[in-house]
Amino acid sequence: MTAIAGSRIHRKKSQKALNKLFWKKIVPPLVALAIFLVIWQLLCLNPNFKLPGPIETVSETWNPFIIHPFFDNGESDKGLGWQILSSLGRVGLGFSLATIVGITLGILIGANQLVYNAVDPIFQVLRTVPPLAWLPISLAAFQQANPSAIFVIFITSIWPIIINTTVGVQQIPQDYINVAKVLKLKGPKYFFKIVFPATVPYIFTGLRIGIGLSWLAIVAAEMLVGGVGIGSFIWDAYNTTTETNMSEIIIALIYVGLVGLMLDRLVAFIASKVVAEQK
């Protein structure tokens, strides 16, 4: 009987928690979205408002861009699913390289004050350069569109990773360093026992910022380098602007926003698991 009563109490608590989550986390965004769509649709009643409304956008892009996102008619005439995957492939490669190089450099710079003083002013200057300003240099260096776009991703996302990792290493408590000296921890043991656990929150802060910048940069870079990709799709649709194409641009922007949100949440989820394990 006690076990049954305990099970009922547990179910009631779980139900209350789900209800609380529903009303606080799910309902408010849905209400805000509904209000936004209503305002957007009302604005479109004005004949001087040239953009299509939400109803018109969905109806004009329903087939094939919404229900058939993976159609393939050859060359760059592909569905938004393929366009997104192509962009994600470039982001994945460029961001992975930036993660490896950024964390490594951040640890080395943060561990040596002299090196930090030497390179910090240079990094502070380079990190303020807009992503697209690197594109002419990358095109001149690589002579190809795809490597150039990947380089733009790399150079855009590496700075927050380096800077946050460096700060994390510099913020390692002195007590940790003293314990490492007493235990004579060196090399890999020092890194995995002291440096990594202390800096992992800073590292993931840099990664979260970096992945957002990567997704922003790839859309802009693809608008200029062409080929298959969500940025190229948006630019091509704009260059052949019709009312239908404006709907395609809007639906593509929605895809971009949703993918950006998922990337941010993915990094945040991984960070929550890794940081929890280090505690």
Query raised in the report: Are any non-hydrogen side-chain atoms of Ile250 and Pro52 less than 4.5 angstrom apart?
Result: yes
Report summary line: Separation between CZ (Arg208) and OG1 (Thr205), nearest 0.5 Å, reads 8.5 Å
Report summary line: Per side-chain contact (heavy atoms from CB on, under 4.5 Å), Ile209 is matched among Ile163, Ile161, Asn164 by Asn164
Query raised in the report: Between the main-chain N or O of Ile153 and the side-chain N or O of Thr156, is there a donor-acceptor pair closer than 3.5 Å?
Result: no
Query raised in the report: Going through the distances and angles, do Leu108 and Thr104 end up as a side-chain contact (heavy atoms from CB on, under 4.5 Å)?
Result: CA-CA 6 Å; Leu108 294 175; Thr104 303; 4.2 Å; yes
Query - Approximate separation, where rounding is to 0.5 Å, of Ser96 OG and Ile150 CD1 - result: 10.5 Å
**Report entry** Heavy-atom pair of closest approach, residues Val152 and Ala221
**Finding:** CG1-CB, 4.4 Å
Report summary line: All heavy atoms of Ala149 vs all of Arg90, minimum pair found to be CB-CD, 4.0 Å
**Report entry** Crowding at CH2, Trp235 (>12 non-hydrogen neighbours, <6.0 Å)
**Finding:** no
Query raised in the report: Are Ile162 and Val167 co-members of a hydrophobic cluster defined by side-chain heavy atoms under 4.5 Å apart?
Result: no
Query raised in the report: Are Leu33 and Val58 connected, step by step, through hydrophobic side chains (Ile, Leu, Val, Met, Phe, Trp, Tyr) whose heavy atoms are closer than 4.5 Å?
Result: yes
Report task. Decide if the gap between the ring center of Phe233 and the ring center of Tyr255 is smaller than 6.0 angstrom. Result -> no
**Report entry** side-chain contact (heavy atoms from CB on, under 4.5 Å) assessment of Trp215 paired with Val256
**Finding:** CA-CA 8 Å; Trp215 191 238; Val256 169; 3.4 Å; yes
Query raised in the report: Can Ile35 be reached from Val27 by stepping across I, L, V, M, F, W or Y side chains whose heavy atoms are under 4.5 Å apart?
Result: yes
Query raised in the report: Can you find a heavy atom in the side chain of Ile251 that is under 4.5 Å from one in the side chain of Ile254?
Result: yes
Query raised in the report: What's the shortest heavy-atom distance between Gln83 and Gly229, and which atoms?
Result: OE1-N, 2.7 Å
Query raised in the report: Looking at Glu222 and Ile230, what are the two nearest heavy atoms and their distance?
Result: OE1-N, 3.1 Å
Query - Value rounded to 0.5 Å, distance of CD1 in Ile103 from CG in Leu207 - result: 5.0 Å
Report task. Apply side-chain contact (heavy atoms from CB on, under 4.5 Å) to Thr166 and Phe123, showing your working. Result -> CA-CA 12 Å; Thr166 299; Phe123 286 174; over 6 Å; no
**Report entry** Close side-chain approach of Val200 to Phe204, heavy-atom, < 4.5 Å
**Finding:** yes
Query raised in the report: Are there more than 12 heavy atoms of other residues, nucleotides or ligands under 6.0 Å from atom CD1 of Ile55?
Result: no
Query raised in the report: Do Ile172 and Ile194 have side chains that get closer than 4.5 Å, going by heavy atoms?
Result: yes
Query raised in the report: For the residue pair Phe151 and Phe142, does the interplanar ring angle fall in the parallel (under 30°), tilted (30 to 60°) or perpendicular (over 60°) class?
Result: tilted
Report task. Measure the acute angle between the ring planes of Phe70 and Trp82, then classify it against the limits of 30° and 60° as parallel, tilted or perpendicular. Result -> perpendicular
Query raised in the report: Do you know the tightest heavy-atom contact between Ile211 and Val91?
Result: CD1-CG1, 4.1 Å
Query raised in the report: Is any side-chain heavy atom of Tyr116 less than 4.5 Å from a side-chain heavy atom of Val169?
Result: no
Report task. Would you kindly confirm whether Leu216 and Trp159 end up in one hydrophobic cluster when ILVMFWY residues are joined by side chain heavy atoms under 4.5 Å apart? Result -> no
Report task. Quick one: pull up CG in Leu139 and CH2 in Trp134 and give me the separation to the nearest 0.5 Å. Result -> 14.0 Å
Query raised in the report: Are any of the side-chain heavy atoms of Ser148 and Leu135 separated by less than 4.5 Å?
Result: yes
Query raised in the report: Do you know the tightest heavy-atom contact between Gly210 and Phe95?
Result: C-CE1, 3.7 Å
Report task. Consider only side-chain heavy atoms of I, L, V, M, F, W and Y, link residues closer than 4.5 Å, and tell whether Ile67 and Leu258 are in one cluster. Result -> yes
**Report entry** Min side-chain heavy-atom separation Leu263-Val259 under 4.5 Å
**Finding:** yes
Report task. Starting at CZ of Phe154, measure out to CG of Leu93 and round the result to the nearest 0.5 Å. Result -> 10.5 Å
Report summary line: To the nearest 0.5 Å, atom OG1 of Thr199 lies from atom CD of Gln170 at 11.5 Å
Query raised in the report: Does some side-chain heavy atom of Asn73 sit less than 4.5 Å from a side-chain heavy atom of Lys78?
Result: no
